[in-house]
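Okay, so here's the structure we're looking at.
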Amino acid sequence: MPQISVVLPVYNVEEYLRQCLDSLANQTFEDFEVICVNDGSGDSSLSILEEYASEDERFKIISQENKGLSGARNTGMDYIKGKYTIFVDSDDWLELNALEKLYNKIIALDSDILMYKFRFFNQDSEQYSESVFTNLEVIDASLENKNFNYRDVSDILFKISHAPFNKLYKTSFLREAGIKFPENLNYEDLYFFYMVFFKTEKVSVF
């Protein structure tokens, strides 16, 4: 059983997919699986996935008719085997030591959800940008290196990043919570985040 399951929805992202897959394949932490959900891609995305899966058994492909981002994530969740779960978007990439750092942190704190900082990348200017939303500075420094819950941050509850891709989840917690992404609904990330956030006493930041 892998320690981490990466759920990767894929839909017509041939331009970005290799960078994303390379960032996963070359992680310093190696005990993980990547559940690649080909959500009815019409470009070469599936061929790219098959190329990586043929060279690395950690990459697994599930193909389905297009169900949208929520439907692809939900399908991926049905196949999770890892102790921890992370959602990665296929036009994003991780620093090569990201899984190692996140795994060590969530193990040390025994959190149900570990939120971590991220940055946006502008392709045109080739510049990175961040904000109090992406760097989690809205969360008081006194909460670092400890677990907290939604009551501890009630004053900034709707200023916290609700994106699913900057969080590492304990899989057993997700299963016990029984929350899936709502399909055919705008802002599905908001629903998922707050439903899981309100169900745990053990959230941490990194």
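Every heavy atom of this structure was used, including side-chain atoms; hydrogens, water molecules and symmetry mates were not. The structure presented is a predicted model; accordingly, all values stated were derived computationally and were not measured.
Of the possible donor and acceptor atoms, none in the side chain of Asn74 sits under 3.5 Å from a partner among the backbone N and O of Lys180. Counting only distance, with no hydrogens or angles, the side chain of Glu33 and the backbone of Lys81 share a donor-acceptor pair below 3.5 Å. Panel note: side chain Ser5, backbone Ile80; no donor-acceptor pair is recorded below 3.5 Å. Judged by distance alone, the side chain of Asp92 and the main-chain N or O of Val88 form no donor-acceptor pair under 3.5 Å. Checked by atom type and distance alone, the side chain of Glu183 never pairs as donor or acceptor with a backbone atom of Ser70 at under 3.5 Å. In this structure, Lys167 contributes its side chain and Ala163 its backbone to a donor-acceptor pair below 3.5 Å. Between the Ser23 side chain and the Trp93 main chain, no donor and acceptor come within less than 3.5 Å of each other.
Phe198 is linked by a ring pair (Phe, Tyr, Trp, His ring centres under 6.0 Å) to Tyr150, Tyr194, counting only residues two or more places apart in sequence or in another chain. In this view, Asn26 and Asp22, Leu96 satisfy the side chain to side chain contact (heavy atoms under 4.5 Å, CB included) rule, not counting sequence neighbours. Listed by chain and residue number, Phe87, Phe192 satisfy the ring pair (Phe, Tyr, Trp, His ring centres under 6.0 Å) test with Phe181 (two or more places apart in sequence, or in another chain). Ser204 is linked by a side chain to side chain donor-acceptor pair (under 3.5 Å) to Ser111, counting only residues two or more places apart in sequence or in another chain. When the side chain to side chain contact (heavy atoms under 4.5 Å, CB included) test is applied to Leu143, the partners found at least two apart in sequence or on another chain are Ile139, Lys146, Phe148, Val153. Under the side chain to side chain contact (heavy atoms under 4.5 Å, CB included) criterion, Ala53 pairs with Phe59, Ile61, not counting sequence neighbours. Annotation: side chain to side chain contact (heavy atoms under 4.5 Å, CB included) contacts of Asp140 (sequence neighbours excluded): Ser142. Residues that satisfy the ring pair (Phe, Tyr, Trp, His ring centres under 6.0 Å) test with Phe193, not counting sequence neighbours, are Phe197. In this structure Lys60 satisfies the side chain to side chain donor-acceptor pair (under 3.5 Å) test with no other residue, sequence neighbours excluded.
Counting only residues at least two apart or in different chains, salt bridge (Lys or Arg N to Asp or Glu O under 4.0 Å) contacts with residues 45-56 comprise Arg18-Glu51, Asp56-Arg58. Listed by first and then second residue, the salt bridge (Lys or Arg N to Asp or Glu O under 4.0 Å) pairs involving residues 147-158 are Arg151-Glu201 (not counting sequence neighbours).
Other residues, nucleotides and ligands contribute over 12 non-hydrogen atoms within 6.0 Å of the CZ atom of Phe173. At most 12 non-hydrogen atoms from other residues, nucleotides or ligands lie less than 6.0 angstrom from CD of Glu95.
Residues Asp31 and Ile4 fail the side-chain proximity criterion, which asks for heavy atoms closer than 4.5 Å. For the pair Ile35/Leu8, no side-chain contact is recorded, criterion being any heavy-atom separation below 4.5 Å from C-beta on. Between Phe206 and Met115 the shortest side-chain heavy-atom distance does not fall below 4.5 Å. In this structure, Leu168 and Ile113 have side chains that are not in contact, with every pair of non-hydrogen atoms separated by 4.5 Å or more. In this structure, the side chains of Val6 and Leu24 come closer than 4.5 Å at one or more pairs of heavy atoms.
Using modelled atom types, one finds a donor on one side chain and an acceptor on the other under 3.5 Å when comparing Gln3 with Tyr103.
Closest non-hydrogen pair, Val138 versus Lys159, comes out as CG2-O, 3.8 Å. A pairwise comparison of heavy atoms in Asn145 and Leu109 identifies O-CD2, 3.6 Å as the closest pair. Between Gln27 and Phe32 the shortest heavy-atom distance is CB-CE2, 4.0 Å.
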Donor-acceptor contacts, no H, no angles, side chain residues 37-45, under 3.5 Å, sequence neighbours left out:
residue, atom, partner, partner atom, Å
Asn38, OD1, Ser41, N, 3.3
Asn38, OD1, Ser41, OG, 2.9
Asn38, ND2, Ser63, OG, 3.2
Asp39, OD1, Gln64, NE2, 2.9
Asp39, OD1, Lys67, N, 2.8
Asp39, OD2, Asn66, ND2, 3.0
Asp39, OD2, Lys67, N, 3.3
Asp39, OD2, Gly68, N, 2.9
Ser41, OG, Val10, O, 3.3
Ser41, OG, Asn12, N, 3.0
Asp43, OD1, Ser45, N, 3.0
Asp43, OD1, Ser45, OG, 2.8
Asp43, OD2, Val13, N, 3.2
Asp43, OD2, Glu14, N, 3.1
Asp43, OD2, Ser45, OG, 3.3
Ser44, OG, Glu14, OE1, 2.6
Ser45, OG, Val13, N, 3.0
Ser45, OG, Glu14, N, 3.4

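The NZ atom of Lys83 sits 4.5 Å away from atom CD1 of Ile107, with the distance rounded to the nearest 0.5 Å.
Salt-bridge check for Asp110 with Lys170: passed, with a basic side-chain N closer than 4.0 Å to an acidic carboxylate O. At a threshold of 4.0 Å, the pair Arg73-Asp78 does not count as salt-bridged, since none of the basic side-chain nitrogens sits closer than that to a carboxylate oxygen.
Under a hydrophobic-cluster definition in which Ile, Leu, Val, Met, Phe, Trp and Tyr are linked whenever side-chain heavy atoms come within less than 4.5 Å, directly or via other members, Tyr191 and Leu157 are assigned to the same cluster.
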Can you check ring-ring contact (aromatic ring centres under 6.0 Å, His included) on Tyr84 and Tyr169, steps first, answer last?
CA-CA 6 Å; Tyr84 298 96; Tyr169 304 85; over 10 Å; no

